[in-house]
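Worth saying up front: this structure is predicted, and the values here are computed from it rather than measured. In each ligand, atom 1 is the first atom listed, and ligand 1 is the first ligand listed.
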Amino acid sequence: MIKKHMYFIILILSTSIILLIISCSDDSSDEPTTLPAPILLEATAITTASFNISWIGSTVATQYLIDVATDDQFSTLLSNYNQFVITSESLQVTGLEDDTRYYVRLTASDGTITSEFSNMRSATTEFEFVPEPEPEVFLRDTAKFPVGVALQAGRLNGAYASRVSNEFSSITGEFEMKMSPIFQAEGSYNFTPGDALVSFAEANDMQVHGHALVWHNAVPSFVQNFSGSDEEFEQLIRTYIHDVVNHYKGKIISWDVVNEAFDDNGGNLRNSVFRQKLGDDYLAKCFQWAREADPDILLFYNDYNLFFDNSKLNAALAMVADFQQRGIPIDGFGFQAHIGINFPSETQIRSAVDKVVATGLQVHFSEVDIRINPNNDLTMPSSSRLQAQRAKYKEVVEIFSKIPKEQQFAITIWGLIDSQTWLIDFWGQPEWPLMFNNDLSPKPAHTGFAEGLME
Ligand code: XIL
């Protein structure tokens, strides 16, 4: 009896198992009714107008549909990204506004079934700095002293030339009036580019500052490797200075007679070929030779780091005191002023300037440029650094404006537009140290210069 019951139970159980198996296998022959939702990853490569998205999809999905909106409810979908169809598992979302937060989600599809939405991600595009146009104030019209720019004659064309003549009242040759381009061979000179600068200046009512008769970094090789006697070398340089000063006599106002004669950090006399062959008193000789050729030309000593390298400044001041005591001619002192937005400080600059003012010489801020990227952490100029640069230009101009009027020679900026600054090559990194953008529009730095003139 029990056995009979057992058979019956086993029969029922096995029948239901078979039915279950059949029903299961029936099911598995159908298409799936759902697709897994993709998993959207964090946006990457965010720019002012785009970002990249990627996601973990599913092997059965054949395409994905992307939504991008400016609200997290996806009620304001971008028209280009409203169920945007793509078959790969990443996408660059483009054509976006800067400084805007975007929301992204997507579904997967196999052509028939569409998955649930993925998780949502958001990304904020980068802020695109568009500078406000700076006010058009021409510096030469406002300044009570000459405002200069360092130039290459070959660039003086078109709008570039107009910007130069509108803004500036003084020109320095960026290299055309150095010894290496001029001095071709003994008795042979190339004055053509320097003469072009002089003609431009004459035509536009500007003065020209000569730079530089003697500089250890612009020595032609036949001078550097001179094989004659020291007396012959002295004759060579004396004649050079005579001839060049004489050529520009009456056409230019001043010369840097010797440039950068003192070493960094210690202020010793740099051991240039001039010192080696003309002796420790070569600076006095060069100044005297320049004076012999032109009794009216203003003679300058010019050097860098003098706002903060006190040993170099003291060496230069000692030279000036010595010249004045011995009656060696010297009229002016050039602070090159290659500086940065944070260094040297206003106090350092004022203190160095005061010491030079006390000599009675004319003061030239002769090669001004103000770095905003000394630590090489910028690939584009940022608004805050450009504003700091504006403040530093203003500070430099204010300091200069406080020099007694009769000792204000000029402020000269070392170049016109940022892309042409010598500092990019010199430091091997991006820099924007000047007052004009590459399209010749004025930067905040230019406004800073104009503000400095107002004080
Ligand atoms: C630089 C010029 O800007 C460059 O174009 C040139 O190749 C090298 O000289 N101190 C000076 C300037 O006195 O003559 C230098 O000018 C910059 C440093």
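Remark: K312 is positioned above the aromatic ring of Y304, its terminal NZ or CZ atom under 6.0 angstrom from the ring centre and at most 45 degrees off the axis. Annotation: cation-pi pair R105/W55 absent, no NZ/CZ under 6.0 Å from the ring centroid and within 45° of its normal.
Contacts of ligand 1 (protein heavy-atom distance under 4.0 Å) are E174, F175, K178, H211, W215, N259, E260, Q336, H338, E367, W414, W422.
At least one donor-acceptor pair under 3.5 Å links the side chain of D294 to the backbone N or O of I297.
For the pair R385 and D377, the salt-bridge criterion is met [side-chain N within less than 4.0 Å of a carboxylate O].
Under the ring-ring contact (aromatic ring centres under 6.0 Å, His included) test applied with F145, the options F400, F365, F168 reduce to a single match, F400. Tested against F300 for a ring-ring contact (aromatic ring centres under 6.0 Å, His included), the candidates F409, F335, F323 yield a single pass: F409.
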